[in-house]
Amino acid sequence: MTTAMLPNAELVARMKEWRQNLDKDDRWCILINADPDALASAMALRRIILPRVHNADIARVNEVTRPDNLAMIRYLRIPVRAWQPEKAEQYTHFAMVDSQPHHHKAFQGIAFDCIIDHHPLPTNGGCFVPSAPALCDIRPGLGATSTIMTRYFQALRMRPSPRLATALLYGIRTDTAAFERSGDEDDFRAYQWLSRHADNSLLRRIIRSEYLREWLPLFSRAFRNLTNCRSNGAFAWLNEVTSADLLVAVADFFTRVHDLKWIAVGGIVGKTVIVIFRGDGGRDIGRLADACFYDVGQAGGHRNLGRAEFPLEAVPEDVRPGDFVLKRLETRKLRPQSTPNDATPAQGQPAAKAKTDKNAKQKHLITEK
C-alpha cells in the first residue's frame, strides 16, 4: 500500500510518532533539488524537527539561478547551502522533500530516513529506495509538497511564522500554477489557511522578481528567431545559454501571447540540447515533447508544460541544432498511449525509452516549475 492510499489521520499519526522518536544528538541534513516548493517544504520540516534534534541543515544539489527563487531565499532568509558530498559524514540522518531518490544522481547512495513528496512513484519497475525510510509520505494526488507540510503544522498545532507561511504559500502557488495546472481541495484549503499567516508584501516582492537585467538580450534573440510551428504553435532557438532557467523564463513569457497555443524554446547548455515546452492545455504538451525527442534523450512532462534533453552529439554533424529541433517539432507524431512496458510519461513521471531500446538507461526528467 502506498502512502497515497492511507487516510490523512494515519499519515499524521505516523509523523507524530516519528517526531516523538527523534533524538537530541541527531544531526540532520535535508537534501533538496531547490525550487519554491522544495525550499518551502525543507524550511517547514526544519522547523518541525529542530526543537528535538541537535541541528538540521538544508542543502541543495542544484544551482539556484531563477530570480524569483533567489528572491525567495533572500527575502524569506532561507538557510540553504550547496550540498558538499565530502561532508556527508558529519550528519547522522538525511531527509528529502519534494523529490525521490531516483530524481537526481546526487541523491544516489544516501540512506534517507525521511521522504516527503507529491510526485508519482517510479513505474519502470526499479527500486524506489534501497532501505525503507522511517517516515515516507508520498501523495501524488496533491499539487504541492508544501500542502503536506501545511497539514502537518495544523495537526501538530504549530503556527508558522509569517516568513514560513509565505514560503509555503508560494510553494503551493508555483507548483499548481496558481491552481491553473493542478491542485485539489486539500491544496486550496492549505492555501487559504496559510494566507491568514503570510506576509503579503513579501509575497508580492517575490512574485515580481521574474527577470534579471542581463536576460533581456535573450528576449530580443527569441523575438528575432520566433518561427511558427504546427497549429498555432511557435519555436524559438536561443543557441548557447548559461542555464536552462533562461529558456524557462522566455517560454513562460510567451504563454502570455494571445492565440499562441503552445511554445517550445530551445538552446544549448554545455553539451546538452534542452527544449522547454509550454502550452495552454489544448493539447498534451508532455506527450508532444516525448514524441519529438524520446528516442534521442529524455522527454516528457505535464499537459501544460514539458521538457526535453538530449546530448549535442545526437545532432548530425551537417545539421544545425536549431534546425534539428525545428524539424522534429514539425514532423514527429505522437506515440501510442501508454502500455505497461512502453509508457508515455504521465504528469510528473519519468520519460521512458521506446520498448525496442531496452539497453538504454532510463532517467527521471524533472519538469521545470
Side-chain angles (χ1 to χ4, degrees), residues 3-4 6-20 30 32 34-52 56 58 64 66-80 95 97-98 114 116-119 135 137-210 369:
T3 54
L6 295 174
N8 285 340
E10 186 171 341
L11 292 170
V12 169
R14 285 187 177 187
M15 157 58 83
K16 290 181 176 180
E17 181 181 1
W18 173 80
R19 184 172 182 264
Q20 190 67 30
I30 305 169
I32 60 171
D35 67 15
D37 191 24
L39 287 164
S41 299
M43 193 177 175
L45 182 61
R46 182 176 184 270
R47 171 67 181 85
I48 288 173
I49 69 175
L50 195 57
R52 309 186 71 87
I58 303 173
V64 179
R66 290 185 58 166
D68 53 343
N69 294 359
L70 292 170
M72 180 183 184
I73 293 171
R74 175 187 174 189
Y75 293 136
L76 303 182
R77 290 179 276 171
I78 302 176
V80 60
V97 290
D98 198 40
C114 173
I116 303 172
D117 187 29
H118 75 113
H119 294 99
L135 178 66
D137 189 350
I138 299 176
R139 308 188 211 180
L142 294 179
T145 305
S146 292
T147 298
I148 302 175
M149 304 311 301
T150 301
R151 289 307 190 197
Y152 282 154
F153 265 75
Q154 292 174 318
L156 294 169
R157 299 186 182 277
M158 296 175 63
R159 180 175 177 174
S161 67
R163 288 189 293 110
L164 176 54
T166 304
L168 291 168
L169 197 70
Y170 190 58
I172 296 173
R173 180 188 176 94
T174 55
D175 259 35
T176 64
F179 296 97
E180 292 180 1
R181 182 173 70 228
S182 62
D184 65 6
E185 187 175 346
D186 275 348
D187 296 290
F188 186 68
R189 287 183 176 178
Y191 193 90
Q192 286 183 311
W193 185 77
L194 291 166
S195 297
R196 297 197 293 268
H197 304 289
D199 186 326
N200 289 322
S201 63
L202 284 179
L203 182 62
R204 284 193 295 270
R205 293 172 74 180
I206 295 168
I207 292 173
R208 291 173 181 172
S209 301
E210 294 187 63
K369 297 173 182 176

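We're numbering straight along the sequence, starting at 1. Note that this is a predicted model, so its numbers are computed, not measured.
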> Which value, rounded to the nearest 0.5 Å, describes the distance between Leu142 atom CG and Asp117 atom CG?
Replying inline: 10.5 Å
> Is a side-chain N or O of Thr166 found less than 3.5 angstrom from the main chain of Asp199, in a donor-acceptor match?
Replying inline: yes
> Minimum heavy-atom separation for Tyr191 to Ile172, with atom names?
Replying inline: CD1-CG2, 3.9 Å
>> Show, in sequence, the C-alpha distance, side-chain angles and deciding distance for Arg14 and Asp137, and conclude whether the side chain to side chain contact (heavy atoms under 4.5 Å, CB included) test is met.
In response: CA-CA 9 Å; Arg14 285 187 177 187; Asp137 189 350; over 6 Å; no
> Looking only at heavy atoms, what is the nearest atom pair of Asp98 and Ala38, with distance?
Replying inline: OD2-N, 3.5 Å
> What are the two closest heavy atoms between Thr147 and Ala190, and how far apart are they?
Replying inline: CG2-CB, 4.0 Å
> Between OG1 of Thr145 and CD1 of Ile138, what distance do you get to the nearest 0.5 Å?
Replying inline: 9.5 Å
>> Using the rule given for side chain to side chain contact (heavy atoms under 4.5 Å, CB included), can you reason through Gln192 versus Phe188, listing the C-alpha separation, both sets of side-chain angles and the distance that settles it, and then say yes or no?
In response: CA-CA 6 Å; Gln192 286 183 311; Phe188 186 68; 3.4 Å; yes
> Where do Asp35 and Arg66 land on the side chain to side chain contact (heavy atoms under 4.5 Å, CB included) test, with the steps shown first?
Replying inline: CA-CA 9 Å; Asp35 67 15; Arg66 290 185 58 166; over 6 Å; no
>> If you count every heavy atom of other residues, nucleotides or ligands that lies below 6.0 Å from Glu17 atom CD, does the total exceed 12?
In response: no
>> Within the 4.5 Å heavy-atom criterion, are Arg46 and Pro79 side-chain neighbours or not?
In response: yes
> Can Asp175 and His118 be said to form a side chain to side chain contact (heavy atoms under 4.5 Å, CB included), step by step?
Replying inline: CA-CA 10 Å; Asp175 259 35; His118 75 113; 2.9 Å; yes
>> Going by side chain to side chain contact (heavy atoms under 4.5 Å, CB included), Val97 matches just one of Ile32, Ile58, Ile148. Which one?
In response: Ile32
> Are Asp68 and Tyr170 close enough that a side-chain donor and a side-chain acceptor fall under 3.5 Å?
Replying inline: yes
> How long is the gap from CG on Leu203 to CZ on Arg208, to the nearest 0.5 Å?
Replying inline: 10.0 Å
>> Distance check, rounded to the nearest 0.5 Å: Met149 atom CE versus Met43 atom CE?
In response: 12.0 Å
> What's the spacing between Leu135 CG and Cys114 SG if we round to 0.5 Å?
Replying inline: 4.5 Å
>> I'd like to know if the side chain of Arg52 and the backbone of Arg19 have a donor-acceptor N/O pair within less than 3.5 Å.
In response: yes
>> Using every non-hydrogen atom in the two residues, find where Asp37 and Ser146 come nearest and quote the distance to one decimal.
In response: OD1-OG, 2.6 Å
> Are the side chain of Asp187 and the backbone of Gly143 linked by a donor-acceptor contact shorter than 3.5 Å?
Replying inline: yes
> Which atoms form the tightest heavy-atom contact between Met158 and Trp193, and what is the distance?
Replying inline: O-CH2, 4.0 Å
> Out of Leu194, Ile206, Leu202, which one pairs with Leu169 under the side chain to side chain contact (heavy atoms under 4.5 Å, CB included) rule?
Replying inline: Leu194
>> Nearest 0.5 angstrom please: Phe153 CZ to Ile48 CD1, how far?
In response: 4.5 Å
>> For Ala155 versus Val12, what's the shortest heavy-atom pair and its separation?
In response: CB-CG1, 3.2 Å
